[in-house]
Amino acid sequence: MNKSFSKNSLHACLRVSGPSRELWIASLGCLIGSTLLILAIQLYQDATTFLHESEGPKNYFTLNKKVEGGALVNLGKNEQSFTPEELEKIKSLKGVKRIGGFTRNQFPLSLYIWPSGKVGLGAAAKTDLFFESIPDEFLDFIPKEWHWDENSSLIPIMVPKFYLDLWNFGLAPSRIEYPALSTQAATGMPIQLFIGKRRETILEGRFVAFSKRINSVLVPANFLQWANTQFGQPEANDFVFLWKNGSIEGPPITRSSIPGLQGEPDFKDWEISPLENPAERIPAPQAILNKKKASGPSRIILEIAENPSIEFLDHIKEKGYEINREFPEQDLVKKAIHVVFLGMIGIGALLSFLSIATFAASFRLVVSRASEQAKNLLLLGFSQAQVSQVFFDRFLRIFLIILSLSFFASYASKVFLINQARFLDPSLSVDSGINLNTLIFLATYGILYLVVNKRVIEKSVHDLMK
Amino acid sequence: MLIELKNVAPKPIPEEMIEHSEVWGTDLKIEPNSFTLISAHSGKGKSTLFHLLYGIRQDYTGEIIIDGQNIHKKNTDDWTKSRGDKIALLFQELKLFPLLTAQENINLIPQVNSHSPSIEEMADRLGMKDFLTQKVANLSYGQRQRIALIRVLRKPFQLLLLDEPFSHLDQENEERACSLIEEVARTNKATFLLTSLGQNPPLSFDRILSL
């Protein structure tokens, strides 16, 4: 015994016109719902990744003391550094996981940046600059070139992304010799580092990454430690007034230059005082013996728990520390994104659910309209599965077309949106494709949709013989 | 196939119909490979009997046992299987698909009986060869009856049930059809039941029952 029927005849004898209006509504609902769902899920992932990359570990930020007053007042002041007690207090605040200090260069540093890509070719951008370092564990990401040892020929430098923006949108348009630079071109620029007051040492560096988060010029911690040991002038900033015969003599001098004056005839009668408090005069010979107390870091980086505690925020406010982030705004952006995407997912899911229901109702009607023919087939000995399959194939064709259209509509919408976003920010690095997670969702969604409708059709066919 | 009817009566049925029937309300055994004519006027339950044997209706009292199995205990899958390769029924209303051609209709069965003659041969013997490519909607009722007969004879069966198959056939076509039916039924070693409105078709029946 063998089969004689063709699938086409089976389809042909069950071909009845479906409820076209309902099927169109269901198809449109399914198309819009599926597109919204795919797009929302994909864009949500993109936005999350983008925010994550842009902001790095969300619970990291920097803290420093507020600088107040004019230049003269601040000239003689030591760094606005944190004392060990202050650090201990911050560390003990609720929600603070760990803290790390910024290390600064203790030597004069100036840079020649060669935007032409070659040292000596064209004009160099010249600037005095500073370096800082933080423990690598606090970096939002570690570039692969982020490595230095004494044999390295290049010093990797990480600068804030907005430095590049300042160059491109501030400096370059006003100076014909400075071209605008892409991130890639900027990382290729040779940089000469001149160390020392008289630029005794020249090293070469490169920008290896542009941080959107850490607002400083960073180099690897081991390089800065080495350079501070080699070229450091730890007390370069420690200025004092020199008093001779009860009056201030000349401009402020550095504390480190005092030992050099010991050979002067009246040295033992001279006095010195801190700039900020001239009344605290002490004999100059005693100043040589008094070592300046080692100070803590002037800027620290912190990791906190999910949200800063009220206790923590109060402490910052009370002490007048400056923080590099505004938490409420951050939260607001994230909350807004969540609400927007949840809304999209909600509307998409609702439309999809309604379209499933409409499809189910429409196909119950299709089966009902073909009930006589379907019954005849069952009476001829065809199984319910064979008859259901005919209706299901019809649904499958419609659904696969809709799902493909949804996929392409989502893809096209995403490409369009990303292009619009790139128009606003050319450096935006978001993949314009549909990722694996979304495809897995799409497959799961498709299977769920098919299973529900298959069940509905099977039940409708089963009920024919009741 | 051995068919046993033990005090079977469809619901509802008037008491007097049971009293005068040789089928309803009796213990009846129809032997395997036998040919039985069930003769009765309209409304006596000829189609009902076939519908019971084919599992379309379960509203009856008594027991129907086919090959030792009480058919009341068969589930949907059992019936699908039986209708596919054991029992063939020619419905009085034919159950053809008018928008398909005669040939497509004949082919629209789950399985083909390899012992039955080819479509062309059967169509030729019944004078339907030239109508195979025509849509059933364009055929007369007598022609449709012959197409439905070819379709039922192409199915594999051990029990063949024909419900008034010659109602719209002339004598010549009836004789041709009877010859074909007898040949195919004998080849299949089938139990064969045929209903008629009182006429005696030219077939060698083993038994004639009055409903």
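So that the names make sense, note that chain A is the first sequence line, chain B the second, and so on, each numbered from 1.
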Non-hydrogen side-chain atoms of B:T76 and A:Q384 separated by less than 4.5 Å: yes
Is any side-chain heavy atom of B:F91 closer than 4.5 Å to one of A:N376? no
Counting only heavy atoms from other residues, nucleotides and ligands, does the tally under 6.0 Å from [atom1] of [X] exceed 12?
{"X": "B:F205", "atom1": "CZ", "result": "yes"}
{"X": "A:H338", "atom1": "NE2", "result": "no"}
{"X": "B:K74", "atom1": "NZ", "result": "yes"}
{"X": "B:Q69", "atom1": "CD", "result": "yes"}
{"X": "B:K86", "atom1": "NZ", "result": "yes"}
{"X": "A:R455", "atom1": "CZ", "result": "no"}

[X] versus chain A, the contacting section by heavy-atom distance below 4.5 Å:
{"X": "B:K155", "result": "side chain"}
{"X": "B:I56", "result": "side chain"}
{"X": "B:L99", "result": "neither"}

Proximal component of A:L377, with respect to chain B [non-hydrogen, under 4.5 Å]: both
Check [X] against [Y] and note the closest heavy-atom contact, atom names and distance.
{"X": "A:F382", "Y": "B:I109", "result": "CZ-C, 3.6 Å"}
{"X": "B:P110", "Y": "A:L380", "result": "CD-O, 3.3 Å"}
{"X": "B:R83", "Y": "A:L379", "result": "CD-O, 3.9 Å"}

So which of B:R151, B:K81, B:H115 has the biggest tally of heavy-atom pairs under 4.5 Å with chain A? B:R151
